[in-house]
Protein chains: 2
Amino acid sequence: MSLIDLSKQVALGVDIGGTNTKFGIVNHRGEVLDKGNLKTDAYDKVEDFIDALYEHVSPLMEKHGAEKNFDGIGVGAPNANYYKGTIELAPNLPWKGVIPFAELMTAKFNLPCTVTNDANAAALGEMLFGAARGMKDFIMITLGTGVGSGIIANGSLIYGHDGFAGELGHTIVKPGGRKHWSTGSEGSLEAYASATGITITAKKMRAEFPESMLNQYPEDEINSKTVYECAIKEDPIAIEVFRYTGQKLGEALANFVMFSSPEAILLFGGVIKAGDFILKPAKLHMERNLLPIFRNKVKLVFSELDEADAAILGASALVWEK
Amino acid sequence: MSLIDLSKQVALGVDIGGTNTKFGIVNHRGEVLDKGNLKTDAYDKVEDFIDALYEHVSPLMEKHGAEKNFDGIGVGAPNANYYKGTIELAPNLPWKGVIPFAELMTAKFNLPCTVTNDANAAALGEMLFGAARGMKDFIMITLGTGVGSGIIANGSLIYGHDGFAGELGHTIVKPGGRKHWSTGSEGSLEAYASATGITITAKKMRAEFPESMLNQYPEDEINSKTVYECAIKEDPIAIEVFRYTGQKLGEALANFVMFSSPEAILLFGGVIKAGDFILKPAKLHMERNLLPIFRNKVKLVFSELDEADAAILGASALVWEK
């Protein structure tokens with residue numbers, strides 16, 4: 001018998017994205033007891049963001065706090081450093097420089113706080129509760145506003161010597177290719193396979209092909225959702241936008257496979273709503289760029305978890321992992 | 001006090017390359033007591049190769065066997081599978097298909113045999129006895145006839161789910177680029193940064209520039225050695241051959257860094273004799289393709305170990321690691 005009643009232990013999981021932040025109160029069984037969200041990009045100063053987060057979260061903490069013990073806070077965020085507790089030079093966040101995020105959170109919430117890359121958190125969530133249960137080697141790719149990744153090898157997250165490993169969205173898939181709107185690099189995976197990248201591809205292609213259905217929308221409504229609407233109506237240009245995106249993704253995935261030879265690659269995030277329009281060309285171009293020894297072995301699958309929950313669950317898992 | 005006198009325990013380390021095979025008898029302190037070599041490509045059948053290896057090795061084993069105990073055999077070879085003991089579909093070896101190499105070796109030598117990727121073995125050698133002592137995260141890149149790699153993360157070799165992880169030479173660095181002479185893939189790192197790749201680049205460039213010193217050699221003498229001879233005599237075309245090679249290498253290295261964020265990348269193998277002619281452009285193009293958070297952090301260094309010894313030491317380390 002344990003002296004601690006685990007059913008009363010909870011953690012706060014926070015997932016910070018470029019646009020939205022999601023949070024949830026999670027128990028040891030991976031159940032999200034309560035959750036909410038706020039706009040990340042509405043706060044130019046990180047202190048204001050943390051104050052706002054506290055205002056959103058504290059009523060929920062009070063509600064559960066009477067009967068639960070809060071063990072800590074786990075945070076998934078772009079460019080977050082597990083070892084140092086910092087968020088550093090994140091291109092998709094409004095806060096510049098090196099932010100001592102865990103320290104600021106602990107000062108405000110009076111709880112220990114652990115941070116990691118948002119995609120690392122999602123990978124932990126998938127390993128504990130999702131499609132990667134039981135796997136010791138897999139790669140998680142998050143396709144949202146940006147492209148993130150979490151790499152599990154030998155059953156552990158790869159953090160690298162400095163805590164920043166797994167920035168696969170910034171690997172170069174087409175040298176000298178499309179300039180990234182924020183990092184300035186040329187031809188990164190994120191420049192093509194993120195929602196932002198898809199929008200750029202769609203705008204370029206509709207300008208080239210006046211007959212495309214994509215031209216029925218005003219400029220500011222062109223995004224991965226409207227491309228999808230046109231693709232299901234069989235607009236060949238919209239289909240080509242996704243095919244091209246899938247090709248670039250697949251070419252990048254082949255390189256990742258030859259690095260860590262994962263059992264599976266899990267795709268996650270808003271962009272996967274495009275389904276087979278992206279998955280099929282991604283699979284094709286991954287396979288054709290692989291050495292024969294790697295072919296037809298790697299499962300290329302969509303996440304099984306609800307998008308918001310996976311990141312929250314993964315972030316909360318950090319609390320108990322430490 | 002130990003009941004086993006470790007100083008009497010030795011292992012046979014074997015490093016199989018596309019052209020040459022090196023072997024050595026190694027003790028627990030990482031001393032190579034005796035060594036030798038034979039031609040890999042002189043044996044079309046793997047059984048004949050193993051017979052020849054046995055004939056080369058057995059006099060040495062007899063010499064040391066009177067006073068030493070052989071614990072086993074460790075083998076580094078291209079496309080070798082640690083989990084299965086096989087060499088599978090190795091593009092640079094004369095033996096095709098899936099070879100049960102460890103089993104064949106054990107049948108011949110009557111000793112347990114462990115195999116791994118030749119570059120993995122070299123990485124183990126560097127971690128135990130070389131420039132990577134004390135490092136928990138580094139990448140070893142071997143630049144020889146082919147380009148191999150061994151990846152250490154969290155202090156362990158990354159094998160992947162199937163034992164084939166770390167084939168970074170076959171990652172695509174220039175999509176649609178130079179066709180690989182053996183795999184057929186287009187634009188792989190090996191197609192540019194191996195000794196074979198450098199020879200191709202040199203032949204193309206000397207044809208374009210009739211004034212190059214490289215044109216003073218007959219076609220079959222163009223290789224990384226003659227390019228080096230011309231480069232130290234300040235032939236701008238020979239220098240450009242290495243610069244271009246270094247650029248492609250550096251671009252690939254940037255992607256590897258954003259994968260596993262290593263403390264160092266160790267370069268190893270015949271090609272590194274070109275020194276700064278390759279290292280400087282490699283460093284430049286690695287840095288310029290990295291996200292700011294990774295810049296000026298990764299040590300790009302040459303192996304400290306004698307080339308033959310590192311692979312033999314690493315292969316022998318497999319015996320005691322198991």
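Everything numeric in this text was worked out from a predicted model, so none of it was measured.
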Part of B:Val257 within contact of chain A (heavy atom distance under 4.5 Å): neither
If I compare all heavy atoms of B:Ile158 with all of A:Ala153, which pair ends up nearest, and what's the gap? CD1-CB, 4.1 Å
Which residue out of A:Ile172, A:Asn154, A:Thr183 racks up the most heavy-atom pairs below 4.5 Å with chain B? A:Ile172
So what's closer than 4.5 Å to chain A heavy atoms on B:Glu263: side chain, backbone, both or neither? both
By a 4.5 Å heavy-atom criterion (distance strictly below it), what part of B:Phe138 contacts chain A: side chain, backbone, both, or neither? neither
Interatomic spacing from CD1 in A:Ile152 to NE2 in B:His161 - rounded to 0.5 Å: 15.5 Å
Give the minimum heavy-atom separation between B:Leu89 and A:Pro292, together with the two atoms involved. CD1-CB, 4.1 Å
Between B:Leu291 and chain A, with a heavy-atom cut-off of 4.5 Å, which part of the residue counts as in contact: side chain, backbone, both or neither? side chain
Look at the side chain of A:Asn255 and the backbone N and O of B:Thr171, then say whether any donor-acceptor pair between them is shorter than 3.5 Å. no
Inter-residue atom distance A:Lys174.NZ - B:Lys174.NZ, 0.5 Å rounding: 12.5 Å
Looking at every non-hydrogen atom in both residues, tell me the closest pair between A:Asp162 and B:Lys297 and how far apart they are. OD2-NZ, 2.8 Å
Tell me whether the rings of A:Phe259 and B:Phe259 are parallel (<30°), tilted (30 to 60°) or perpendicular (>60°). parallel
Quick one: what part of B:Asn81 sits under 4.5 Å from any heavy atom of chain A, side chain, backbone, both or neither? neither
Find out whether A:Ser260 and B:Ser260 are in side-chain contact, i.e. whether some heavy atom of one side chain is under 4.5 Å from a heavy atom of the other. no
I'd like to verify something: which residue of A:Ser156, A:Ser261, A:Gly160, A:Pro262 has the highest number of heavy-atom pairs under 4.5 Å with chain B? A:Ser261
Shortest non-hydrogen contact between B:His170 and A:Met258, atoms and distance: O-CE, 3.0 Å
All heavy atoms of A:Glu88 vs all of B:Ile293, minimum pair found to be O-CG2, 3.6 Å
